[in-house]
Amino acid sequence: MSLGTGIRLADLIAAICFILALRGLTGPKTARYGNLLGAGGMTLAVAITFATNGLTHFLLIVGAMAIGAVIAVPAARLVKMTAMPQMVAAFNGVGGGAAALIALATFLRAPAGSLAVYQVVEVLLGVVIGCVSFSGSCIAFAKLQELITGRPITYSGQQVWNGIIAIAILGLGVTVCVSSFNWLVAIVLVLALAFGVAFVLPVGGADVPVLISLLNSFTGLAVAASGFVLHSVVLVVAGTLVGASGTLLTQMMSRAMGRSLPNILFSAFGSVITATGGAEGDTTRSVRSASAEDIAILLAYANKVIVVPGYGLAVAQAQHTIRELADLLESRGVQVIYAIHPVAGRMPGHMNVLLAEANVPYEQLKEMDEANPEFQSADVALVVGANDVVNPAAKNNPGSPIYGMPILAVDEARNIVFMKRSMRPGFAGIDNELLFDPKTTLLFGDAKDSLTKVVAAVKAL
Amino acid sequence: MNGGDILSLITVFVLAAFVGFEVIAKVPSTLHTPLMSGTNAIHGVVLVGAMLVLGTASSTSQMVLGFVAVVLATLNVVGGFVVTDRMLEMFKVRKSPAAPAEPVSTMAPSPEGGQK
């Protein structure tokens with residue numbers, strides 16, 4: 001067996017590993033095994049590449065890999081679970097950047113005019129998609145890390161400008177294909193970076209996870225394009241797998257939010273609110289707030305409490321405290337369950353990960369469909385740091401930007417307790433009518449401080 | 001590359017696209033985040049391409065581009081798998097209480113759990 005055949009066989013095995021890894025990741029029991037299988041396939045694909053005919057600069061390659069690994073491992077191990085979405089965005093962005101650089105390097109290497117049109121098209125696809133994914137992920141990272149505002153950033157003629165950039169990229173791309181003005185690729189690169197930024201700016205913070213999923217599939221396609229450039233089957237297979245499955249996953253995520261993908265990408269939340277916000281934007285209405293002791297009494301003498309955790313709980317790192325409270329209530333004979341909205345936290349499934357981290361028993365976690373019928377018989381719905389996912393405007397107000405999103409039926413519980421930092425609306429920037437409901441009690445403050453006080457008050461009872 | 005090669009690559013592309021759609025037809029929403037992170041790690045295979053560029057570089061500019069590409073791609077692949085594994089490790093912890101007879105040790109907090 002020749003070396004070339006060996007490499008191709010190894011690539012085939014790696015491709016099979018990736019497919020099985022994806023399949024494994026779709027089930028809770030097989031997920032971890034799937035991820036390890038993917039890592040195994042990756043190790044094989046990388047190891048066999050060292051055997052490629054004519055490959056030199058081994059020291060440089062190993063050095064570069066060492067630098068990457070030395071940065072990536074601590075970053076990935078130490079990142080807080082709440083910061084996971086932006087971590088994924090960052091790792092996704094660098095992948096897109098690498099794909100763009102590969103296509104660019106291959107293009108610069110070829111003598112001017114020596115590439116066939118289809119080869120130039122492959123290069124351009126790699127550069128453009130890779131750059132959009134890179135700069136888009138950077139902005140998504142900045143939004144989630146709150147380096148820039150999570151609100152949609154809009155300016156007049158935004159869609160027109162995006163259209164102009166897209167057309168310019170297309171026009172310059174065609175020019176590069178039919179002429180020998182190779183330096184135009186540099187302008188295409190810059191424009192693609194600008195397009196990635198412009199594309200992400202108007203997307204509201206709450207929608208950014210869906211966007212990251214979309215950018216993830218973009219990077220997959222960029223990798224596939226660079227696979228075409230380098231004639232590498234394993235790059236084409238893995239890139240396309242991610243591109244296709246990522247697109248489907250993006251659709252599933254937006255469906256979980258009850259919205260369509262174009263709606264998420266192009267209807268900046270902010271502009272809609274100014275149109276409908278007039279009647280409900282008034283914050284001078286009275287709300288009822290209470291002390292931690294009042295809340296403790298309400299909870300301790302209830303029969304059934306449903307906890308609705310949201311991103312605020314995660315930010316405050318209060319998942320352990322909420323579990324302590326739940327244990328305490330259970331020891332007093334109160335039934336406690338957790339109602340998990342599909343997009344609680346900032347990504348689908350994010351809240352499950354956070355609560356699992358705090359060892360909340362699995363059988364207490366209820367998915368939305370399971371939890372909603374329970375609210376009618378609940379004495380208290382304890383909403384900790386969640387807002388949009390319990391906002392009845394999604395059911396009642398067709399003018400609301402979140403209208404149609406499935407929500408938790410918190411309004412059916414006998415009492416509602418909101419633990420909130422302030423009267424500020426949620427991540428989507430929409431006021432919540434439920435805060436003004438007569439059966440609602442508010443406890444202002446950091447979720448962890450509030451919960452700690454309530455725990456102390458329950459113990460004192 | 002001749003016409004036959006590009007056609008066989010396109011064949012691979014189309015088939016892989018179908019497999020990508022089919023293989024994740026049903027995913028519970030709890031696994032959306034790990035799946036996104038896992039697919040993110042898999043496109044880190046771009047590292048192979050970056051290695052080929054750096055390993056066959058003949059000029060300084062090629063070497064710089066290749067070197068940066070290898071660093072970025074390694075970040076993608078290593079970070080991607082480690083982050084995904086960390087998330088899924090927690091799912092395993094969550095699953096074990098389903099069997100009450102399990103020894104207590106399996107319910108102990110994961111190493112990350114203690115750091116928070």
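In what follows, chains carry the letters A, B, and so on, assigned in the order in which the sequence lines appear, proteins first and then strands, with residues in each chain numbered from 1.
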Polar side-chain atom of [X] near backbone of [Y] as donor-acceptor pair, under 3.5 Å:
X: A:Arg109; Y: B:Val53; value: yes
X: A:Arg77; Y: B:Val82; value: no
X: B:His43; Y: A:Val223; value: no

Portion of B:Ile10 that has a non-hydrogen atom of chain A nearer than 4.5 angstrom:
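For B:Ile10, backbone and side chain are both near chain A.
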With only heavy atoms counted, which part of B:Val64 is less than 4.5 Å from chain A, the side chain, the backbone, both or neither?
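Neither part.
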Taking the side chain as C-beta and beyond, is there a heavy-atom pair between [X] and [Y] under 4.5 Å?
X: B:Thr74; Y: A:Ile67; answer: no
X: A:Val237; Y: B:Val45; answer: no
X: A:Leu108; Y: B:Ser61; answer: no
X: B:Arg86; Y: A:Val79; answer: yes
X: A:Met65; Y: B:Val78; answer: no
X: A:His231; Y: B:Asp5; answer: no

Hey, what do you get for [atom1] ([X]) to [atom2] ([Y]), rounding to the nearest 0.5 Å?
X: A:Leu60; Y: B:Leu54; atom1: CG; atom2: CG; value: 5.5 Å
X: B:Gln62; Y: A:Leu104; atom1: CD; atom2: CG; value: 8.5 Å
X: B:Thr84; Y: A:Arg32; atom1: OG1; atom2: CZ; value: 11.5 Å
X: B:Asn40; Y: A:Thr219; atom1: CG; atom2: OG1; value: 7.5 Å
X: A:Met42; Y: B:Ile42; atom1: CE; atom2: CD1; value: 6.5 Å
X: A:Asn92; Y: B:Met36; atom1: CG; atom2: CE; value: 9.0 Å

Could you pull out the closest heavy-atom pair between [X] and [Y], with the gap in Å?
X: B:Ala69; Y: A:Ala98; answer: O-CB, 3.7 Å
X: B:Val46; Y: A:Ser226; answer: CG2-OG, 4.2 Å
X: B:Thr39; Y: A:Ser245; answer: CG2-OG, 3.8 Å
X: B:Phe21; Y: A:Leu248; answer: O-CD2, 3.2 Å

Which one wins on heavy-atom pair count under 4.5 Å against chain A: [options]?
options: B:Ser58, B:Ser59, B:Gly66, B:Ala57; value: B:Ala57
options: B:Val70, B:Leu75, B:Leu65; value: B:Leu75
options: B:Phe67, B:Phe81, B:Phe18, B:Phe13; value: B:Phe81
options: B:Ala41, B:Gly44, B:Gly49; value: B:Gly49
options: B:Gly79, B:Ala16, B:Gly80; value: B:Gly79

Let me know if [X] has heavy atoms under 4.5 Å from chain B in its side chain, its backbone, both or neither.
X: A:Ser213; result: both
X: A:Phe58; result: neither
X: A:Ala21; result: side chain
X: A:Ala75; result: neither
X: A:Leu230; result: side chain
X: A:Leu36; result: side chain
X: A:Thr56; result: both

Identified side chain to side chain contact (heavy atoms under 4.5 Å, CB included) partner of A:Thr26 from the options B:Val23, B:Ile24, B:Leu31:
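Exactly one candidate clears the test, B:Ile24.
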Name the member of [options] that forms the most heavy-atom pairs with chain B at distances under 4.5 Å.
options: A:Val234, A:Val46, A:Ile71, A:Leu20; value: A:Val46
options: A:Val236, A:Ile102, A:Thr106, A:Val229; value: A:Ile102
options: A:Ala105, A:Ala238, A:Gly63, A:Gly41; value: A:Ala105
options: A:Asn216, A:Val242, A:Leu249; value: A:Asn216
options: A:Ile61, A:Val233, A:Ile19; value: A:Ile61
options: A:Val73, A:Ile340, A:Leu241; value: A:Leu241

Passes side chain to side chain contact (heavy atoms under 4.5 Å, CB included), B:Ile6 versus A:Glu122? Steps please.
CA-CA 11 Å; B:Ile6 179 81; A:Glu122 291 166 1; 3.0 Å; yes
Do other residues, nucleotides or ligands put more than 12 heavy atoms under 6.0 Å from A:Phe18 CZ?
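Above 12, so yes.
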Given A:Leu25 and B:Leu88, is the side chain to side chain contact (heavy atoms under 4.5 Å, CB included) satisfied, shown in steps?
CA-CA 9 Å; A:Leu25 281 165; B:Leu88 294 172; 3.8 Å; yes
